[in-house]
Amino acid sequence: MIKVTLKDGVVREYENGVSVLDIAKSLGAGLYKAACLAKINGENADIRTVLNEDCEVSILTFDDDDAKKTFNHTCSHVLAQAVKRLYPSTKLAIGPAVDGGFYYDFDSEINFTPEILEKIEAEMKKIVKEALPLERFELEPAEAIALMQERGEIYKVELIKEHSDKGEKISFYRQGEFEELCAGPHIPDTGRIKAFKLTSCTGAYWRGDSKNKMLQRIYGTAFTKASDLEAHLNALEEAKKRDHNKLGRDLELFTTVDYIGQGLPIMLPKGARIIQLLQRFVEDEEQRRGWLLTKTPLMAKSDLYKISGHWDHYKDGMFVLGDEEKDDEVFALRPMTCPFQYQAYLNRARSYRDLPMRLNETSTLFRNEASGEMHGLIRVRQFTISEGHLMCTPEQLEDEFRGCLELTTFMLKTLGLYEDVSYRFSQWDPEDTEKYIGTPEQWDEAQSVMKTILDDLGINYKIGIGEAAFYGPKLDIQIKNVHGKEDTLITIQIDQMLAEKFGMEYVDKDGSKKNPYIIHRTSIGCYERTLALLIEKYAGAFPVWLSPEQVRITPIADRHHDAAYELKNKLQAAGIERVEVDTRSEKLGYKLREAQLEKVPYVLVIGDKEAEEGTVSVRKRSFGDQGSFSIDEFIAMIKKDIETKAIW
RNA sequence: GCUGCUAUGGCGCAGUCGGUAGCGCGCAUCCUUGGUAAGGAUGAGGUCACCGGUUCAAAUCCGGUUAGCAGCUCCA
């Protein structure tokens, strides 16, 4: 007998050799049916794992994230099995669970169109109905390779070969006639997958390497209940409605034109206004915090980029003007601001008394992104960033880095995005000798300084190896868009390489010349991307201080137009800038509906009563009719929203 | 850049087997002058993304280009 400690601390005795699934059965039929995954002494394990000694066991059901992954992973096997049944010549690559579902990569001469996906789904339903148990078995590497080779599974052979030198056996899972190389874990049988859907089919490189063959990736998602699947699909549909790329166009914030080109959005008056408001806010706040504004050229001779190293690293990603072979001078639009802003530092000799020197710029950059990369306002070829470079002594580095981080935190909190971001500490990859400049000692130093700062501040970060810039480590502040895709919103970088390249020095107290540390940072990110995230965050219903139209005055009949314009003047005189009057001869309900759909925060209704009393009837976006207020009361109300940058 | 899908008035869409275009919303004008999410009538608006091919005839079939979408790869 062995002693098994269960989730709630209860200890029970079982026969030696009992499986976790048996334990689940002993605890109740409901748990047995729902069990997806075991946690044995804190480690995830297959639910069929046999126990031979005392241990702690948790039985996890679909509610648990890891168990959900196990469930989805099994569904990916069902998908692979269905594809093999229908299209036997298809070769299998890999099929893991991911957030929100699973995928499987196939190499097939069949093009998996939506119609084919339906057929595959139908076959999957049969497999679920067959309720095939999943069984684990192990083979010696040589046997495993032979088995997969015999079946023509070249991708599996490649994977096994990589594992074979570890001296471990190779594990497989079998369900019916289908056998699949897999480490597991899996749920007990295919019959438990009650609700699933294949959501899309796209291309994906074998092993994520663009030099390799492109395979077909089928995405899907699986649930234990049909209602959960439906809710999930509905949630995805709802998310799509917030998509900045749709909403931003509908609300006339931006547009694109095919003959202008990819990644070159046109900011329409409303979108441009929001960006202007953000920009003024950022520049003022930076000035308050001791940053000095620069304005530097949008292009330079190639010579500049050669000094910085960007020419070697990123020439393909730059818009180069001229021909290196033919022309005496070749220019390039700037893809970053660093070496331009350094010239402000280099303008004269610097002493330690000049440091820290904080330079900021609202900087427009140009990057020739690959054609498939562009996405709405999130990934574009021309963008404007709240860019800054800070030169300081080693002693100042920690405080200054902290100051940069405080600034970004202030910005994120003001915009209401603070709760939505995550932190990534992007480090170099010592193996990658091509990308990174500098010595291991320099990297260790810069990274350890950053680590100390992040740990001191108690920042919860993930490490990204090989994600650093070529000249230094980064703290990347990440955010997910409405589709769950993550992008960098803000970055703060420590650099001790470029100062040397550009001969940037300062005279220290002892008279010796030293290179300053440089912090590269953005305070709010690039305006286009930040706007995109704000559109999605607020579904287009911006806080009053950012709304392109803050107040719409809606006269009830033509005879109220004069009073409406008079009110507009009063509001603007009181400092409320963006006020419109809707004089169309439509019914009140119609005008209110439009104002609501256009997400105008305040609508003021003026009729006989208001015109006579000098009041306004206030309708607040998403709160409805607020009743009657004096004009001064309303001004105080909206001014409070604007001044406090209220979010509602 | 790669794989797949898509492109018809400002927006959302229909258009069968190839026979030179329709609907709804919006827009304009007129009627209506109204009280918190859609009043009515009339009208204007399209080289069917662009270039080329097949055909007596192309929105429709074929090729290319451009742009959009999903994903991969990349992101100083």
Side-chain angles (χ1 to χ4, degrees), chain A residues 103 105 111-114 117 199-219 240 243 245-246 249-250 252 255-264 305 308-318 334-339 365 367-376 378-381 385 387 426 435 467-472 474 476 483 485 487-488 491 493 495 498 520 554-561 584-598 603-610 617-621 624-628:
Chain A
Y103 67 76
D105 287 350
N111 180 11
F112 295 137
T113 59
L117 289 191
T199 46
S200 65
C201 179
T202 68
Y205 297 109
W206 166 237
R207 318 215 74 177
D209 187 334
S210 57
K211 292 188 198 84
N212 289 341
K213 182 167 185 181
M214 179 154 275
L215 310 174
Q216 294 188 73
R217 174 171 297 177
I218 298 178
Y219 282 93
K240 269 190 201 161
D243 185 339
N245 206 8
K246 174 87 176 78
R249 291 168 196 269
D250 288 349
E252 298 193 295
T255 187
T256 51
V257 176
D258 59 359
Y259 47 80
I260 286 182
Q262 272 191 301
L264 297 169
Y305 308 112
S308 67
H310 287 86
W311 196 255
D312 288 342
H313 280 86
Y314 296 108
K315 191 168 76 180
D316 289 347
M318 289 163 68
R334 68 178 183 196
M336 35 72 217
T337 323
C338 333
L365 304 180
R367 293 183 185 179
N368 194 1
E369 303 285 4
S371 62
E373 306 302 344
M374 261 65 74
H375 171 66
I378 285 184
R379 196 78 179 270
V380 289
R381 282 186 167 144
I385 186 166
E387 180 91 287
S426 297
K435 180 172 173 185
E467 312 250 342
F470 72 83
Y471 47 74
K474 307 190 283 181
D476 290 323
H483 302 295
K485 188 170 172 167
D487 266 298
T488 300
T491 179
Q493 308 166 4
D495 164 22
L498 293 183
H520 305 232
T554 309
I556 286 177
D558 291 356
R559 64 178 176 279
H560 309 122
H561 287 187
R584 295 174 307 166
S585 55
E586 297 289 351
K587 285 198 167 179
L588 180 64
Y590 182 87
K591 293 190 197 181
L592 292 176
R593 178 173 187 272
E594 291 218 327
Q596 192 80 17
L597 290 174
E598 289 171 42
V603 180
L604 303 183
V605 176
I606 290 222
D608 289 334
K609 181 171 159 278
E610 291 79 7
S617 174
V618 176
R619 191 185 161 91
K620 193 168 171 179
R621 181 184 64 205
D625 191 0
Q626 303 292 296
S628 195

Counting any heavy atom closer than 4.0 Å, what does [X] reach on the DNA or RNA strands: base, sugar-phosphate only, or nothing?
X        : answer
A:Ala469 : sugar-phosphate
A:Arg379 : base
A:His310 : base
A:Leu365 : nothing
A:Gly589 : sugar-phosphate
A:Gly309 : nothing

Any side-chain N or O of [X] under 4.0 Å from OP1/OP2 of [N]?
X        : N     : value
A:His483 : B:A70 : yes
A:His375 : B:A70 : yes
A:Lys474 : B:A76 : yes

Would you indicate which nucleotide in [options] comes nearest to any side-chain atom of [X]?
X        : options             : result
A:Lys435 : B:C75, B:G71, B:G1  : B:C75
A:Arg619 : B:G71, B:C74, B:A37 : B:A37
A:Ala557 : B:U73, B:C75, B:G34 : B:G34
A:Glu373 : B:A76, B:C74, B:G35 : B:C74
A:Val605 : B:G1, B:G35, B:G71  : B:G35
A:Tyr219 : B:U73, B:G71, B:A76 : B:G71
A:Tyr314 : B:G1, B:C72, B:A76  : B:A76
A:Leu597 : B:C75, B:A70, B:A37 : B:A37

Contact check, side chains of [X] and [Y], non-hydrogen atoms, under 4.5 Å:
X        : Y        : answer
A:Arg367 : A:Met336 : yes
A:Lys485 : A:Ile378 : no
A:Glu387 : A:Leu365 : yes
A:Tyr471 : A:Gln493 : yes
A:Leu604 : A:Val618 : yes
A:Val605 : A:Leu592 : yes

Take atom [atom1] of [X] and atom [atom2] of [N], then tell me their distance rounded to the nearest Å.
X        : N     : atom1 : atom2 : result
A:Asn212 : B:C72 : CG    : P     : 16 Å
A:Lys211 : B:C72 : NZ    : P     : 18 Å
A:Arg217 : B:G71 : CZ    : P     : 11 Å
A:Lys591 : B:G39 : NZ    : C1'   : 13 Å
A:Glu369 : B:A76 : CD    : C1'   : 10 Å
A:Met374 : B:C2  : CE    : C1'   : 14 Å
A:Phe470 : B:C74 : CZ    : P     : 18 Å
A:Ile556 : B:U32 : CD1   : P     : 19 Å

Looking at NE2 of A:His560 and CG of A:Asp608, how far apart are the two atoms once the value is rounded to the nearest 0.5 Å? 3.5 Å

CG/A:Asp487 to NE2/A:His375 distance, rounded to the nearest 0.5 angstrom? 8.0 Å

Donor-acceptor check, side chain of [X] to backbone of [Y], threshold 3.5 angstrom: yes or no?
X        : Y        : answer
A:Glu369 : A:Arg379 : no
A:Lys435 : A:Ala468 : yes
A:Glu594 : A:Lys591 : no

Identify all pairs in which a protein N or O lies below 3.5 Å from an N or O of nucleotides 3-9 of chain B, and state each distance.
residue, atom, partner, partner atom, Å
B:U3, O2, A:Gly203, N, 3.3

Donor-acceptor contacts, no H, no angles, side chain residues 199-206 of chain A, under 3.5 Å, sequence neighbours left out:
residue, atom, partner, partner atom, Å
A:Thr199, OG1, A:Tyr219, O, 3.2
A:Trp206, NE1, A:Glu158, OE1, 3.2
A:Trp206, NE1, A:Glu158, OE2, 3.4

Does CD belonging to A:Gln626 count more than 12 external heavy atoms closer than 6.0 Å? yes

Would you say A:Lys240 has more than 12 foreign heavy atoms packed within less than 6.0 Å of its NZ? no

Base B:G35 to side chain A:Glu610, donor-acceptor N/O within 3.5 Å cut-off: yes

Contact nearer the 5' end of RNA chain B, comparing A:Gly376 with A:Arg593: A:Arg593

Roughly how far apart, to the nearest Å, are [N] and [M] at atom [atom1]?
N     : M     : atom1 : value
B:A59 : B:A76 : P     : 47 Å
B:U47 : B:C5  : C1'   : 26 Å
B:U32 : B:A37 : P     : 25 Å
B:C13 : B:G26 : C1'   : 14 Å
B:G12 : B:G68 : P     : 15 Å
B:G15 : B:C23 : C1'   : 11 Å
B:G22 : B:A14 : C1'   : 7 Å
B:A7  : B:G39 : C1'   : 37 Å

State whether A:Arg207 and A:Asp209 are salt-bridged, where the test is any N-O pair (Lys NZ or Arg NE/NH1/NH2 against Asp/Glu carboxylate O) under 4.0 Å. no

Ring-plane angle category for A:His310 and A:Phe470, please: parallel below 30°, perpendicular beyond 60°, tilted otherwise. perpendicular

Tell me, please, which residues at least two apart from A:Asp312 pass salt bridge (Lys or Arg N to Asp or Glu O under 4.0 Å). none

Could you list all N or O pairs between the protein and nucleotides 62-67 of chain B that sit under 3.5 Å apart?
residue, atom, partner, partner atom, Å
B:U66, O2', A:Asp258, O, 3.4
B:A67, OP1, A:Gln262, N, 3.4

Pairs under 3.5 Å (Watson-Crick or G-U), crossing ones as [ ], inter-strand ones as |: RNA chain B comes out as (((((((..((((.....[..)))).(((((.......))))).....(((((..]....))))))))))))....

Would you tabulate the nitrogen or oxygen pairs shorter than 3.5 Å linking the protein to nucleotides 25-29 of chain B?
residue, atom, partner, partner atom, Å
B:G26, OP1, A:Tyr590, OH, 2.9
B:C27, OP1, A:Arg584, NH1, 3.3

